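A quick write-up on the structure given underneath.
Quick note on labels: first sequence line is chain A, next is B, and so on, each numbered from 1. Everything numeric in this text was worked out from a predicted model, so none of it was measured. Excluded from the calculations below are hydrogen atoms, water molecules and symmetry mates; all remaining heavy atoms, backbone and side chain alike, are included.
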Amino acid sequence: MLIATWNVNSIRTRLDQVIKWMEEVKPDLLCLQETKVDDTLFPKEAIESKGFQVFFHGQKAYNGVALISPHELDDVRMGFIGELPSDTEAIRLGEQKRVISALLDGIRVVNVYVPNGSEVGSPKYIYKLEWLNCLNRYLEAPRKRDEPICLLGDFNIALEARDIHNPKRLTGGIMASEKERLGLKSVLGENMQDVFRVFENETNHWSWWDYRSGAWDRDSGWRIDHIYLCETLVMQARSCLIHKSIRGNQKPSDHAPVSVDINWPPSEDLDYVDGHY
DNA sequence: ATGCCGTATTACATACGA
């Protein structure tokens, strides 16, 4: 089972690259962020004509998330109020289209685009912390249903120094502040693990390179696109890859795709090594 | 090194991203 995440920074601009990547890599599910288009204008037919299912939850100009799969997806849920009681907070934080989830072969895949946060202490930063708190509440529902959870997307947070090209300069700032990190850790709890770190301990693995300042040419990036797996799934993980070469495309997104290969449904023939099969 | 990039918008300059 191959599940992937990719912040495409506009689905309409990146449509050909997305279809090409689906056909070459053949993921069972691709989760997109920053589709940047209202649902009425989403390029649904172009994707369906290639033999894929597509579900989207978007808005004009900003944000927007989508799911693309060659398989049937079950129980697709859009936004926070797909899972949360429709209280004032869930409605307010659901105005920006940043969450979509579905069941894929029994796995609850939750695709998120965490707010950017602008600047530490700014109103957008407060919003980011509130949003993470709401995500935490949101995840209680699939947990209560005992669904194995795969939480993935663009988190706009680097949890550790090794996830930043220049930790001395950037730690404490936006995407690397204590409150953001605590907010995300609280969402993850004891059970969810960053599957990339199951297989790779070194720094210099990035998923986002700023368009500005020649960040790609200097390989100055951040690892802010993550795949978190519950204990049941992480035990079956075979590999987790950052598809770095995609950032070198003509007219690239500023993010590269990240994928995880999971032995799912689990087979019995794997050796248990180092905390995973 | 808060930006010189890229995307979107009742666009031809501005907001936003991270």
In terms of the angle between their ring planes, are A:H255 and A:W208 parallel, tilted or perpendicular, with boundaries placed at 30° and 60°? tilted
Considering every strand and a 4.0 Å limit on heavy-atom distances, what is the contact class for A:E34: base, sugar-phosphate, or nothing? sugar-phosphate
Sticking with atom P, work out how far B:dA15 lies from B:dG3, rounded to a whole angstrom. 15 Å
Name the closest nucleotide to the A:Y211 side chain, picking from B:dC16, B:dC5, B:dT10. B:dC5
How about A:Q33 and A:D154: does a side-chain donor come under 3.5 Å of a side-chain acceptor? no
Rounded to whole Å, how long is the line connecting atom CG of A:D225 with atom C1' of B:dG17? 13 Å
Check every strand shown and say whether A:N63 touches a base, only sugar-phosphate, or nothing at a heavy-atom separation below 4.0 Å. nothing
Looking for any heavy atom pair under 4.0 Å, which part of the strands does A:Y113 touch: base, sugar-phosphate only, or nothing? sugar-phosphate
Can the ring centroids of A:Y113 and A:F155 be said to lie less than 6.0 angstrom from one another? no
So, is A:K36 close to the B:dG17 phosphate, meaning a side-chain N or O under 4.0 Å from OP1 or OP2? no
The side chain of A:K251 is closest to which nucleotide in this list: B:dA8, B:dT7, B:dA1? B:dT7
Check A:V54, A:L29, A:L32 against A:L67 for a side-chain contact (heavy atoms from CB on, under 4.5 Å) and give me the one that passes. A:L29
Of A:R143, A:R145, A:R137, which is the lone residue that meets salt bridge (Lys or Arg N to Asp or Glu O under 4.0 Å) with A:E83? A:R145
Would you mind telling me which residue lines up with the more 5' stretch of DNA chain B, A:G117 or A:V37, judged by nearest nucleotide? A:V37
Quantified in whole Å, what is the C1' atom distance between nucleotide B:dT2 and nucleotide B:dC16? 13 Å
What integer distance in Å separates A:R218:CZ from B:dC5:P? 13 Å
Please assess A:F196 against A:H205 for the test ring pair (Phe, Tyr, Trp, His ring centres under 6.0 Å), listing each intermediate value before the final yes or no. CA-CA 10 Å; A:F196 184 79; A:H205 295 276; 5.6 Å; yes
Going by number, which of residues 155-180 of chain A have a non-hydrogen atom under 4.0 Å from DNA chain B? A:N156, A:M175
Looking at every strand, decide which applies to A:W208 at a 4.0 Å heavy-atom threshold: base, sugar-phosphate, or nothing. sugar-phosphate
The correct set of residues in residues 4-16 of chain A placing a heavy atom under 4.0 Å from DNA chain B is A:N7, A:N9, A:S10, A:R12, A:T13, A:R14
When the distance from OH of A:Y62 to P of B:dG6 is rounded to whole Å, what number comes out? 18 Å
Atom CG of A:D210 and atom P of B:dT2 are separated, to the nearest Å, by 12 Å
Side chains of A:S10 and A:R12: any donor to acceptor distance under 3.5 Å? no
Without decimals, in angstroms, what is the distance between A:I224 CD1 and B:dG17 P? 13 Å
Could you measure between the two C1' atoms, the one in B:dT10 and the one in B:dC5, and give it in whole Å? 25 Å
Quiz question: by atom type and distance under 3.5 Å, do the side chains of A:Q250 and A:Q17 form a donor-acceptor pair? no
Quick one: list whatever passes ring-ring contact (aromatic ring centres under 6.0 Å, His included) with A:W21, sequence neighbours left out. A:W6, A:H243
What is the distance, rounded to the nearest whole Å, between atom CG of A:L41 and atom P of B:dT7? 18 Å
Between P of B:dC16 and NZ of A:K128, the distance in whole Å: 16 Å
Considering only the P atoms, how many Å lie between B:dT14 and B:dC4, rounded to the nearest integer? 14 Å
Have a look at A:K124 and say if it touches a base, only the backbone sugar-phosphate, or nothing, with a 4.0 Å heavy-atom cut-off. sugar-phosphate
Just one of A:V198, A:I227, A:L233 clears the side-chain contact (heavy atoms from CB on, under 4.5 Å) bar with A:Q193, so which one? A:V198
Counting only heavy atoms from other residues, nucleotides and ligands, does the tally under 6.0 Å from CD of A:E119 exceed 12? no
Integer-rounded Å distance: B:dA8 P and A:Q59 CD: 14 Å
